[in-house]
Amino acid sequence: MNFKHLQLKQRENREYHMSSSEDLEIDSGVVVMERPKDIEKVEKDEEKQRSIATIVGAVDDDRLAFPELATGEVNRLFSNLEYSSNLANEKAAATHAEGSVVGAAALIAGTTIGAGVLALPSATAPAGFIASSAGLSVAWAFMAMSGLLIAELSINRIGETGRPGLGLLDLYDNALGKVWSRFASAAYFFLHYAIMVAYVARGGELLGGALDSIGVLPPIVHGGPQVLFAGSIALALYFAKSSDVEKVNNALVFGVGGAFFSIMALGFKGASFPALLDSANQHPGAVVDAFPILFLSLVYQNIVPTIVTQLEGDRKKIFNAIVGGTAAPLLMFLSWNAIILGNVFAMEGVKLDGLDPIALLQTSSNSGPLLGLLVNGFSALAITTSLIGFVYGLLDGLTDIFGLPTDGPSFEKWKPALYAAVMLPPIMLSLGSTDIFYKALDYGGAFGVSTLFLLLPPIMIWNKRYRNPEEPVTTLPLVPSGKVAPAGLFVVACGLIVEQGLDKLGLVQFLSASP
């Protein structure tokens, strides 16, 4: 036996051992040693864990392009800098412009609280307050998850390109390829135009009512208030400086907040909470029909890439901003529904079948004239601020599609055509049926929101995480549970699109009526 050879083998691999003479098998002077049972068990356990991780969809730390981000050694992916110059000594200084979680959450909340809240009472009244509140909470959970998935995609895209500030359409184009990215672009424009139609229709209605109430509305053709409302905003945005628009918009947002809290304070006294919570007014089966509006009222995802840039790719800050920034509107919407529906239920002999609860409050004397005026003011301000944002969103989308700059001589050349493309279709479509406001929002939520923010993000995340398991990633998943979260979101989106498609075609009523 070659004991020197045996000693070298023992030193080179400590997991082999010699327990007794039975553990050795001598063949032509070569010592063959058995592997210990405990090491084999450990290796089997590790292999089993890897199999489970693959099934669940865990992303391994080894794929991180920047391991320092996972260990916490470095929190942010890049640094935002602000430059200032001193004319006296002709020197320039750069300072770190660190993003604020509170500021980012406020931006998300401000984007979420739009005119979609005006359609909530109409959508939730048939289901009742308790059932619709549960449905709204579920919608919030899925929309928060959607935003986190988009944030993960945005962080990875910045890590790949080294370019912060890339927009939502760029994410779709990169992650989905030409065919699906065109589908995403179509959904983007469908959603924006559908909501624009709703805003122009309701804004014109409110403007016409206000002018009529003070006796200054002359005889006017059908659709005149809509043209006047949309045309005034379009002309203001066309000729005003962006800085002036921002100042006016900030003042309008402040007015929205003031009107909202005034409605809450005044409406609390007149609300009938026993009737609001009465089991006779709860119909859980009607919640499904409310989901398009519930999802639509919680839209904010178009600014997620901006949030990621502001917070420098810091995954912890981004998570807190998205969850906190969407939770605040959820609480506001629940309070809004409680006050509006509570006041309507307090009216004697009122049935909500096909009626708009907000319209009832605006015209009813039971709740007092001040509450009706506040609701009108809140509605007008919310629609105006939301319309401004959607005009700019469509302008950005059109310039991206046609490869035009967003400023400069070339933009000025095409500016009239761009504004016409943004404003004319919504104005023309808003002259349709009297309930076009609710119908446009309903279709936008059923097909626009569900496609753009519920269906496509899971597909994009799946491609990024699992199409090539060896591809480096910049961040680990922001939503835990691996494949479960994107798969669940995808199933919900498909179910909503199919159900609403069948419902809009009348097949749901036909099948339910069949014997």
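- Take Ala175 and apply the side-chain contact (heavy atoms from CB on, under 4.5 Å) test, not counting sequence neighbours, and it matches Met460.
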Run the numbers on Arg465 and Glu152 for salt bridge (Lys or Arg N to Asp or Glu O under 4.0 Å), then give the verdict. CA-CA 10 Å; Arg465 291 183 190 172; Glu152 180 183 335; 2.8 Å; yes

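- With sequence neighbours excluded, no residue forms a side chain to side chain donor-acceptor pair (under 3.5 Å) with Ser154.
- Residues satisfying the side-chain contact (heavy atoms from CB on, under 4.5 Å) criterion with Ala194, sequence neighbours excluded, are absent altogether.
- Partners of Asn376 by side chain to side chain donor-acceptor pair (under 3.5 Å), not counting sequence neighbours, listed by chain and number: Gln362.
- Between Phe390 and Tyr199, the angle of the ring planes goes over 60°, which puts this pair in the perpendicular group of the 30/60° scheme.
- Leu298 meets the side-chain contact (heavy atoms from CB on, under 4.5 Å) test with Thr112, Leu136, Ala139, Trp140, Met143, Phe333; sequence neighbours excluded.
- Distance alone, capped at 3.5 Å, is enough to place a donor-acceptor pair between the Gln282 side chain and the Phe129 backbone.
- The ring pair (Phe, Tyr, Trp, His ring centres under 6.0 Å) test applied to Phe295 returns Phe291, not counting sequence neighbours.
- Taking the side chain as every heavy atom from C-beta outward, Leu294 and Thr124 approach each other to under 4.5 Å.
- Although no hydrogens or angles enter the test, the distance criterion places no donor-acceptor pair under 3.5 Å between the side chain of Arg467 and the main chain of Trp462.
- Checked against side chain to side chain donor-acceptor pair (under 3.5 Å), Asn281 has no partners two or more places apart in sequence or in another chain.
- Pairs engaging residues 313-325 under the side-chain hydrogen bond (donor to acceptor under 3.5 Å, both in side chains) rule: Glu98-Lys317, Arg315-Thr475 [sequence neighbours left out].
- Asn249 is linked by a side-chain contact (heavy atoms from CB on, under 4.5 Å) to Val253, Thr385, Ile388, counting only residues two or more places apart in sequence or in another chain.
- Ring-plane geometry between Tyr238 and Tyr419 is classed as perpendicular, the angle between the planes exceeding 60 degrees on a 0 to 90 degree scale with a lower cut at 30.
- Contacts classified as side-chain hydrogen bond (donor to acceptor under 3.5 Å, both in side chains) and involving residues 442-455 (residues at least two apart or in different chains) are given here: Asp442-Lys504.
- At a threshold of 4.5 Å between non-hydrogen side-chain atoms, the residues Glu471 and Arg63 count as touching.
- Residues meeting the ring pair (Phe, Tyr, Trp, His ring centres under 6.0 Å) test with Phe402, sequence neighbours left out: none.
- In this view, Ser122 and Asp356 satisfy the side chain to side chain donor-acceptor pair (under 3.5 Å) rule, not counting sequence neighbours.
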